[in-house]
Trainee: 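Below you will find the structure I want to go over with you.
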Amino acid sequence: MSESKLAAQSSDWKPTSCILCECNCGIEVQLGGDDGRRFQRIRGNRKNPASRGYVCQKAGRLDHYQNSRDRLMSPLRRRPDGTFEEIDWDTAIREVAEKLAAVRDEHGGESIFYFGGGGQGNHLPGAYATSTRALLGSVYRSNALAQEKTGEFWVNHQMVGRFVRGDFEHCEVGIFLGKNPWQSHSIPRARVTVREIAKNPDRCLIVVDPRRTESADLADIHLQVKPGTDAWLVAGLLKVLLEENLFDDEFIARHTVGFDDVRPALDAVLVADACRVSGIDEDLLRRTARRIAAAESVAVFEDLGVQMNRHSTLVSYLQRLLWMLTGNFGKLGAQNAPTALVPIAAESSRSPKTTPVAGARVIAGLTPCNLIAEEILTDHPKRYRAMLVESANPAHSLADSASMRKALEALDCLVVIDVALTETARLADYVLPATTQYEKAEAVFFNFDFPENYFYLRRPLLDPPETDQAGPLPEAEIHARLAEALGALPEAVLAPMRAALEKGGRLGLGAALQQAGARDPRLARVAPALLYRVLGPTLPEGTAEGAVLWAAAHRCAGIFPDALSRAGLEGEGPMLGEALFQRILDSPDGMVLSVDPPEASWDRVRTPDGKLHLAIAELIEELESLHDEPSLVSDDFPMVLSAGERRSYTANTICRDPDWRKKDVDGRLCISPDDAGRLDVNEGDVVRLVTCTGSAEVSIEINDRMQAGHISLPNGLGLDYPDSEGHRTRRGVAPNELTAAGHRDPFAGTPWHKSVPARVERVA
Ligand SMILES: Nc1nc2c(c(=O)[nH]1)N[C@H]1C(S)=C(S)[C@@H](COP(=O)(O)OP(=O)(O)OC[C@H]3O[C@@H](n4cnc5c(=O)[nH]c(N)nc54)[C@H](O)[C@@H]3O)O[C@H]1N2
Ligand SMILES: Nc1nc2c(c(=O)[nH]1)N[C@H]1C(S)=C(S)[C@@H](COP(=O)(O)OP(=O)(O)OC[C@H]3O[C@@H](n4cnc5c(=O)[nH]c(N)nc54)[C@H](O)[C@@H]3O)O[C@H]1N2
Ligand code: SF4
Ligand SMILES: [Mo]
């Protein structure tokens with residue numbers, strides 16, 4: 001690079017977004033360093049309509065992601081002795097296509113499993129992977145959502161028929177249930193929003209968490225629940241509302257069905273029991289229920305503290321009863337039904353309904369993560385035999401890592417597409433290096449805001465690295481090459497599409513695609529790769545990977561025309577879709593996708609009668625059987641471990657370099673002063689943490705935010721990372737060495753990572 005170009009580059013602030021959590025706050029980056037590739041300075045981007053300049057402390061450390069020493073620079077192939085050799089892209093693509101096609105031909109495409117598709121900042125790979133999967137006949141897939149959100153999706157589907165979201169910007173009462181927004185965010189400008197609720201005397205912040213979190217410090221009401229007992233707590237709240245006649249009868253009569261089916265089960269709840277089990281003072285519980293009932297609007301956010309815990313699907317259900325029975329849907333500050341450019345939680349008629357081996361429920365098309373190893377480690381003829389992993393690290397992120405590793409090794413073929421040599425990549429037969437999220441166009445499908453919703457196709461800050469090796473490629477390119485190697489997209493198919501685009505513009509291409517798709521349905525299924533090949537090269541510089549969004553924009557315009565018009569997009573039918581796609585391309589800082597009045601939520605309810613459905617028979621049954629529950633703890637394992645807390649410097653396994661963490665570099669185990677005293681251990685001591693699955697040595701932090709009997713480990717640690725000489729050291733404990741796949745919710749199969757029975761032993 002010339003010196004002047006370098007100088008110009010380093011002084012420019014370039015817009016992009018942070019990729020360390022699903023908020024994807026808009027940032028601006030100044031590049032610099034010897035090669036012009038370092039993230040020299042980073043600040044919030046005020047022009048981003050969702051984050052408006054907001055960032056948390058993590059964004060400033062993104063150079064550790066972009067300039068990681070674990071970066072992959074060449075496709076890798078496993079040798080018979082287990083080591084890797086570098087190969088060129090042509091060989092890699094040909095052999096991967098051949099190997100996967102051979103599995104398909106011998107055992108059927110159903111035996112090829114797809115995991116991942118995007119992390120916190122990149123969802124375009126998953127969209128392009130649909131082409132590869134279609135060509136391979138792969139139908140089963142999963143990703144991290146199937147170890148957190150699928151129970152919630154399932155309940156939403158039954159009760160509302162679609163996804164809903166709480167509006168914390170406008171709510172009077174905001175409830176965070178098993179969620180610590182101060183550290184984990186998940187709503188735009190989380191700290192500002194939470195502080196605003198807390199400091200306004202007319203509003204009320206309620207936090208339900210066994211720890212006194214930073215969010216709890218701000219809360220008007222902190223319900224310091226005993227770990228794993230939220231079902232009792234929320235059932236208790238519902239019973240108080242029923243007893244004290246605090247439900248919104250008019251709303252119930254007008255907008256809901258099924259109340260009579262739920263009522264007896266709620267009536268049977270004993271408030272005193274609920275309080276005893278959950279450890280909450282009855283007076284506080286009653287005051288909380290009254291505050292909720294009195295509010296003009298209530299927004300609720302449930303997250304991993306309950307979703308990765310006992311009775312998670314039941315809690316998702318009871319939580320919804322709480323706001324439905326108090327009339328908190330379809331108004332400002334309550335629950336609403338946001339638009340989405342791409343609906344991630346939608347149920348598809350084409351998805352399998354159960355897993356092939358265990359017959360477990362598949363929700364939103366996703367195999368429960370806790371079942372994946374079980375679906376491989378068997379001689380069942382329908383087992384998964386090959387796997388394509390993209391932008392995910394299941395050997396680290398899924399329950400019981402030891403059995404997950406065994407399962408990945410048992411596959412006939414494992415292919416991993418990643419930027420780094422991860423725990424999962426090390427087990428692969430082929431590793432395909434991807435460009436980073438700052439070297440290609442990227443976007444996520446995690447914007448669920450209401451009344452305004454947003455979208456952001458961001459452009460690359462950097463070219464892919466110059467290297468003597470084969471060099472990384474964007475996933476769109478990898479999937480297009482795989483599609484070609486699998487026999488799709490010959491020039492005979494592409495040429496007429498290019499001609500149609502040239503002659504009739506994008507709408508001309510759309511018409512040609514539709515015609516060709518009607519003649520050959522297989523073509524429709526490789527549309528993402530086809531769009532990348534045909535439309536991609538015609539898009540503005542740096543946006544080629546956004547080609548697949550053209551189809552998404554048209555779909556979105558068909559579903560939400562009014563919401564898009566209210567956001568100032570003009571046109572009808574296909575013209576509106578074009579206007580949306582054009583705005584996506586023309587918005588380097590992100591864009592407002594849609595604007596809704598709260599009433600719009602009612603039009604989006606997708607139950608057959610347009611009402612909210614209060615009764616889910618299976619979950620009413622579970623509510624009725626709550627009192628028979630055995631205790632979580634035992635003599636062997638007297639403590640409850642939350643395995644995977646979000647802290648100020650954790651971000652799943654996106655940043656591998658431990659030095660990216662400014663604090664808590666080793667990820668200590670937090671323990672209450674009481675327990676530390678009982679065990680006679682001191683701050684920083686190394687202890688042995690034991691669960692039924694495994695044990696690990698870890699240093700402790702004595703922390704008065706913890707309640708006695710509860711211990712907590714951070715998420716995303718236990719990665720090894722090379723120093724400048726290439727020597728690898730591991731920092732912290734990988735939480736899933738300690739978790740068990742069988743510890744899971746009976747409905748959704750989601751894990752109980754937040755309540756792992758455990759014990760702490762002193763190390764001599
Ligand atoms: N800093 C940071 N932020 C992140 C991430 C990250 O890795 N680091 N990851 C992102 C991702 S992928 C996700 S899914 C979200 C998750 O965001 P959160 O769900 O907020 O994250 P956690 O810290 O895992 O769990 C939330 C809280 O649950 C509490 N908890 C534990 N047991 C119980 C219980 O029995 N009942 C209740 N009510 N609470 C309990 C914990 O004490 C913790 O404070 O965060 C996102 N944001
Ligand atoms: N015990 C326990 N386990 C947990 C959790 C917990 O709380 N406790 N939390 C769970 C949750 S909520 C989540 S979301 C999961 C997350 O777990 P996973 O979904 O498995 O993924 P991540 O750890 O986020 O890893 C993302 C991967 O993407 C790679 N990557 C980054 N950028 C790119 C790119 O541009 N292209 C490609 N191809 N790859 C890229 C990174 O190198 C990394 O390997 O972990 C889960 N596991
Ligand atoms: S980690 Fe912080 S800066 Fe980055 S997207 Fe999340 S909230 Fe925003
Ligand atoms: Mo997550």
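Just so you know, ligand 1 is whichever comes first in the structure, and atom 1 is the first atom listed for that ligand. Throughout, residue positions are numbered sequentially from 1 according to the sequence presented.
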Trainee: Is it true that D303 and K149 have a side-chain N and a carboxylate O under 4.0 angstrom from each other?
Mentor: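 A salt bridge links D303 with K149.
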Trainee: Under 4.0 Å from a heavy atom of G178: which atoms of ligand 1 are those, numbered in the order shown and with their elements?
Mentor: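 Taking each heavy atom of G178 in turn, ligand 1 has 19 (O), 26 (C), 27 (C), 28 (O), 37 (C), 38 (N), 39 (N) under 4.0 Å.
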Trainee: So, does S642 sit close enough to ligand 1 that a heavy atom of it is under 4.0 Å from the ligand?
Mentor: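 Distance cut 4.0 Å: S642 passes for ligand 1.
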Trainee: Between A231 and L626, which heavy-atom pair has the shortest distance, and what is it?
Mentor: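 Minimum heavy-atom separation between A231 and L626: CB-CD1, 4.0 Å.
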Trainee: Among all the protein's non-hydrogen atoms, which is closest to atom 8 (N) of ligand 1, and how far away is it?
Mentor: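 Among all protein heavy atoms, the one nearest atom 8 (N) of ligand 1 is T650 O, 2.5 Å.
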Trainee: Does any N/O atom on V306 come nearer than 3.5 Å to any N/O atom on ligand 1?
Mentor: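 So ligand 1 has no N or O lying under 3.5 Å from an N or O of V306.
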Trainee: Under a 4.0 angstrom heavy-atom cut-off, which atoms of ligand 1 come close to N309?
Mentor: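 Counting from 1, the qualifying ligand atoms are 32 (N), 33 (C), 34 (C), 35 (O).
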Trainee: Nearest non-hydrogen contact with atom 43 (C) of ligand 1 belongs to which option: D209, N180, V234?
Mentor: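 Ranked by closest heavy atom to atom 43 (C) of ligand 1, first place is D209.
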Trainee: Can you name the atoms of ligand 1, numbered from 1 with element, that are less than 4.0 Å from a heavy atom of P210?
Mentor: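 Ligand 1 atoms under the 4.0 Å threshold to P210: 30 (N), 31 (C), 32 (N), 33 (C), 34 (C), 36 (N), 37 (C), 39 (N), 40 (C).
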Trainee: For atom 4 (Fe) of ligand 3, which protein heavy atom lies nearest, and how many Å away is it?
Mentor: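 Checked against all protein heavy atoms, atom 4 (Fe) of ligand 3 sits closest to C18 SG, 2.3 Å.
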Trainee: For ligand 1, which atoms, with element, lie under 4.0 Å from some heavy atom of G644?
Mentor: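 Those atoms are 24 (O).
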Trainee: Check for me whether S755 has a heavy atom closer than 4.0 Å to any atom of ligand 1.
Mentor: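 No, S755 has no heavy atoms under 4.0 Å from ligand 1.
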Trainee: Please could you name the atoms of ligand 1 that Q183 approaches to less than 4.0 Å, counting only its heavy atoms?
Mentor: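 Selected atoms, number and element: 1 (N), 2 (C), 3 (N).
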Trainee: Is there a heavy atom in H185 that sits closer than 4.0 Å to ligand 1?
Mentor: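 Not so, H185 does not reach ligand 1.
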Trainee: Any salt bridge between R46 and E28, counting N to O under 4.0 Å?
Mentor: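 The answer is no: the pair does not qualify as a salt bridge.
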Trainee: Indicate yes or no: does E390 engage R141 in a salt bridge with an N to O separation below 4.0 Å.
Mentor: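 Looking at E390 and R141, the cut-off is not met.
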Trainee: May I ask which of K58, R647, R646 has a heavy atom nearer to atom 6 (C) of ligand 1 than the others do?
Mentor: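 When every heavy atom of K58, R647, R646 is considered, R646 comes closest to atom 6 (C) of ligand 1.
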Trainee: Look at ligand 1 and say whether Q120 reaches it with a heavy atom at a distance under 4.0 Å.
Mentor: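 Right, Q120 reaches ligand 1.
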Trainee: To check you understand the geometry: which heavy-atom pair defines the closest contact between V306 and D230, and what is its length?
Mentor: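 Shortest heavy-atom contact: CG1-CG, 3.3 Å.
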Trainee: If you take the nearest heavy atom of each of S184, G305, G119, which one is closest to atom 33 (C) of ligand 1?
Mentor: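 Looking at heavy atoms only, G305 sits closest to atom 33 (C) of ligand 1.
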Trainee: Backbone or side chain, does any N or O of L304 fall under 3.5 Å from an N or O of ligand 1?
Mentor: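 Such a contact does occur with ligand 1.
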Trainee: Applying the salt bridge (Lys or Arg N to Asp or Glu O under 4.0 Å) test to E302, which of K179, R320, R165 qualifies?
Mentor: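 So the option named by the test is R320.
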Trainee: Below 4.0 angstrom from a heavy atom of A651, which ligand 1 atoms are there? Numbered from 1 as shown, please.
Mentor: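 So the atoms of ligand 1 that pass are 6 (C), 7 (O), 8 (N).
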Trainee: Among E645, E302, K754, which one puts a heavy atom closest to atom 24 (O) of ligand 1?
Mentor: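 Nearest option to atom 24 (O) of ligand 1, by heavy atoms: K754.
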Trainee: Can you find an N or O of L20 that's nearer than 3.5 Å to an N or O of ligand 1?
Mentor: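 Looking only at distances, the answer is no, because the N/O contact criterion of under 3.5 Å is not met.
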Trainee: Just wondering, are more than 12 heavy atoms of other shown residues or ligands nearer than 6.0 Å to CZ in R43?
Mentor: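 It does: R43 CZ has more than 12 such atoms within range.
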Trainee: Quick check: does H185 have an N/O/S atom under 2.8 Å of atom 2 (Fe) of ligand 3?
Mentor: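 No, outside the cut-off.
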Trainee: Run the salt bridge (Lys or Arg N to Asp or Glu O under 4.0 Å) test on R286 and D283 for me, step by step, so that the C-alpha distance in whole Å, both residues' side-chain angles and the decisive distance to 0.1 Å come before the verdict.
Mentor: CA-CA 5 Å; R286 287 188 182 274; D283 184 53; over 6 Å; no
Trainee: Polar contacts were defined as any N/O atom of the residue lying under 3.5 Å from an N/O atom of the ligand; does this apply to D230 and ligand 1?
Mentor: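 Checking ligand 1 against D230, an N or O pair does fall under 3.5 Å apart.
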Trainee: Please report the C-alpha distance between S312 and N309 in whole Å, then the side-chain angles of each, then the deciding distance to 0.1 Å, and finally whether the side chain to side chain donor-acceptor pair (under 3.5 Å) criterion is met.
Mentor: CA-CA 5 Å; S312 57; N309 220 326; over 6 Å; no
Trainee: Ring-plane angle category for F747 and W154, please: parallel below 30°, perpendicular beyond 60°, tilted otherwise.
Mentor: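 Answer is parallel, since the angle falls under 30°.
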Trainee: Looking only at non-hydrogen atoms, find the nearest pair between M404 and I372 and report the distance.
Mentor: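 Minimum heavy-atom separation between M404 and I372: CE-CG2, 3.9 Å.
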Trainee: Nearest to atom 35 (O) of ligand 1, what protein heavy atom do you find, and at what distance?
Mentor: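 Here the closest protein heavy atom is G228 N, 2.7 Å.
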Trainee: With side-chain hydrogen bond (donor to acceptor under 3.5 Å, both in side chains) as the test, pick out the partner of H710 among S755, S642, S672.
Mentor: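 Going through the options one by one, the only one that passes is S642.
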Trainee: Among all protein heavy atoms, pick out the one at the shortest distance from atom 7 (O) of ligand 1; state its residue, atom name and that distance to 0.1 Å.
Mentor: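 Here the nearest protein heavy atom works out to N652 N, 3.0 Å.
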Trainee: How many angstroms lie between CD in Q30 and CD1 in I42, if you round to the nearest 0.5 Å?
Mentor: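 Nearest 0.5 Å value for the CD-CD1 distance: 10.5 Å.
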Trainee: Given T213, D303, L177, L632, identify the one with the heavy atom nearest to atom 15 (C) of ligand 1.
Mentor: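 Looking at heavy atoms only, D303 sits closest to atom 15 (C) of ligand 1.
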Trainee: Look at atom 2 (Fe) of ligand 3 and say which protein heavy atom is nearest, naming residue and atom and giving the distance to 0.1 Å.
Mentor: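 Here the nearest protein heavy atom works out to C56 SG, 2.3 Å.
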Trainee: Taking the six-membered ring where the residue is Trp, are the ring centres of Y65 and F39 under 6.0 Å apart?
Mentor: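 Between F39 and Y65, which both carry aromatic rings, the centre distance is not below 6.0 Å.
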Trainee: With backbone taken as N, CA, C and O and side chain as the heavy atoms from C-beta onward, which portion of I27 lies under 4.0 Å from ligand 3: side chain, backbone, both, or neither?
Mentor: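 Answer for I27: neither.
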Trainee: Between E148 and ligand 1, does any nitrogen or oxygen pair lie at a separation below 3.5 Å?
Mentor: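 In this structure, E148 places no N or O atom under 3.5 Å from an N or O of ligand 1.
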Trainee: Nearest protein heavy-atom contact for atom 10 (C) of ligand 1: which residue, which atom, what distance?
Mentor: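 Sorting protein heavy atoms by distance from atom 10 (C) of ligand 1 puts E22 OE1, 3.7 Å first.
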Trainee: Taking N, O or S atoms only and a limit of 2.8 Å, check whether C23 reaches atom 6 (Fe) of ligand 3.
Mentor: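 Short answer: no, not a single N, O or S atom is under the cut-off.
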Trainee: Considering the heavy atoms of P227, write down every atom of ligand 1 situated less than 4.0 Å from one of them.
Mentor: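 Going through ligand 1 atom by atom, the ones under 4.0 Å from P227 are 35 (O).
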